[in-house]
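Both backbone and side-chain heavy atoms feed into the values below; hydrogens, waters and symmetry mates do not.
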Amino acid sequence: MISLISTGGNLLCRLLGPSTNTLFVRSSCVRACLVHAAKSFSSGSDGPPKVPATGYIRFVKQQQTVVAKQYPDVKYVEITKKIAQQWHALTPEQKLPFEQAAQAAREQYKEELKQFHARLTPEQSKALLEMKRQKRVRRKAIRMKRELTMLGKPKRPRTAFNIFMSEHFVEAKGVTMQGKMKSLVDDWAKLDVSLKKTYKQLAEDDRVRYAHEMESWEKYMAQIGREDLVRRKGTLRKAVGAKGAARGTKDKAVQTDATSQNITKSTARLKKPEE
């Protein structure tokens, strides 16, 4: 899986240019270090202790087999719903054994976690903190993506190569994802200029579609009080452009004034001998 990701990233780097390639190499090195650290943490008895199950999860595991036998034709999701209903119907006294077992497991987990951290080297501790940070970032990104999907945010425009790849991926040469990607990149590089121009036009049309849909969507976001989702780049770009234009006008005026002064001085020098 790691080699597949790296290969796909390398193919994208060939398309996006050297600066992206440098960035990808750096991120790949960081990812490789984190993967190595994760393997060292999860190997054998040296790995971190598992987070104990809550009282509810313990009840679910106990009831799964029982409910599945009662409802053999019911899907897993429905079984989970039925167990949840059973849990909510329990009295505090009936829930107490499960919660006590969960509390005891939590106390043991805290002690094992303390011992685990005491065994780590400074490098391992640093790698573990970085892994946790990246995990939080991924979770935040997933939650944001789900929220934007629910709010109906328009899909980003596709590039010319994206459109070409989606149309020819099935019949592309190669058995694995890696082989197909390599074949598509080669085919795109050899594609006739006129055909490539067609895909570029489709990409441009998709970009225009995205711009119009985003404009409408952002207006709606502002109406419902979600200004935090409205981009500010356009406003900033206009402000910077106006500021740059004003600065350019000022510089031009200063330059013109300096030029006129130089001409006046030169004329004065030419007239002086005659006098």
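Shortest non-hydrogen contact noted between P52 and A105 is CB-CB, 3.6 Å. Nearest approach of V230 to A222, heavy atoms of both residues: CG2-N, 4.3 Å. Nearest heavy-atom pair across F116 and P49 is CB-CD, 4.0 Å. Residue A203 comes nearest to A160 through the heavy atom pair CB-N, 3.6 Å, listed as atom of the first residue, atom of the second, then distance.
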Indicate every side-chain donor-acceptor pair of residues 138-152 with a distance under 3.5 Å to a residue at least two apart or in another chain.
{"from": "E147", "atom 1": "OE2", "to": "R226", "atom 2": "NH1", "distance (Å)": "2.7"}
{"from": "E147", "atom 1": "OE2", "to": "R226", "atom 2": "NH2", "distance (Å)": "3.2"}
{"from": "T149", "atom 1": "OG1", "to": "K145", "atom 2": "O", "distance (Å)": "2.8"}

Pair up each side-chain donor or acceptor in residues 76-85 with any protein partner under 3.5 Å, not counting sequence neighbours, and list the distances.
{"from": "Y76", "atom 1": "OH", "to": "Q64", "atom 2": "NE2", "distance (Å)": "3.2"}
{"from": "T80", "atom 1": "OG1", "to": "Y76", "atom 2": "O", "distance (Å)": "3.0"}

Listed pairs under 3.5 Å, donor-acceptor, residues 87-96 side chains, sequence neighbours left out:
{"from": "T91", "atom 1": "OG1", "to": "Q94", "atom 2": "N", "distance (Å)": "3.3"}
{"from": "T91", "atom 1": "OG1", "to": "Q94", "atom 2": "OE1", "distance (Å)": "3.4"}
{"from": "Q94", "atom 1": "OE1", "to": "T91", "atom 2": "N", "distance (Å)": "2.9"}

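Between the side chains of S183 and D186, no donor-acceptor pair of N or O atoms lies under 3.5 Å. Side chains of E99 and Q103: a donor-acceptor N/O pair is absent below 3.5 angstrom, by distance only.
Under the rule for a salt bridge (charged side-chain N to carboxylate O under 4.0 Å, His left out), the partners of K219 that lie at least two apart in sequence or sit in another chain are E215. Partners of T176 according to the side chain to side chain contact (heavy atoms under 4.5 Å, CB included) rule, which considers only residues two or more places apart in sequence or in another chain, are Q178. Scored by the ring pair (Phe, Tyr, Trp, His ring centres under 6.0 Å) test, Y109 finds no partners at all (sequence neighbours excluded). Taking the side chain to side chain contact (heavy atoms under 4.5 Å, CB included) definition, one finds that E171 meets it with H168, sequence neighbours left out. Contacts of T54 classified as side chain to side chain contact (heavy atoms under 4.5 Å, CB included), with partners at least two apart in sequence or in another chain: Y56, I57. Taking the side chain to side chain contact (heavy atoms under 4.5 Å, CB included) definition, one finds that Q70 meets it with V66, sequence neighbours left out.
With rounding to the nearest 0.5 Å, the separation of CZ in R158 from CG in L202 is 8.0 Å. Note that the NZ atom of K132 and the CD atom of Q134 stand 14.0 Å from one another [nearest 0.5 Å]. One distance of note links CE of M214 with CZ of R156; it measures 8.0 Å at 0.5 Å rounding.
The only option from Q108, K110, Q115 that meets the side-chain hydrogen bond (donor to acceptor under 3.5 Å, both in side chains) definition with E112 turns out to be Q108.
Other members of the cluster containing V175 do not exist, because no ILVMFWY side chain is joined to it at under 4.5 Å.
Residue pairs satisfying the ring-ring contact (aromatic ring centres under 6.0 Å, His included) criterion with at least one member in residues 190-224, sequence neighbours excluded, are listed as follows: F164-Y199. Sorted by first and then second residue, the pairs that involve residues 189-209 and meet salt bridge (charged side-chain N to carboxylate O under 4.0 Å, His left out), not counting sequence neighbours, are E204-R207, D206-R209, R209-E213.
E227 places no side-chain N or O within 3.5 Å of a backbone atom of M221 that could act as its donor or acceptor partner. With hydrogens and angles disregarded, no donor-acceptor distance shorter than 3.5 Å links the side chain of K173 to the backbone of K180.
Looking at R119 and Q124, their side chains never come closer than 4.5 Å, going by heavy atoms from C-beta outward. At least one side-chain heavy atom of L128 sits under 4.5 Å from a side-chain heavy atom of H117.
Cluster annotation: I163 is not connected to V208 through the hydrophobic network of ILVMFWY side chains, with a link wherever side-chain heavy atoms come within less than 4.5 Å.
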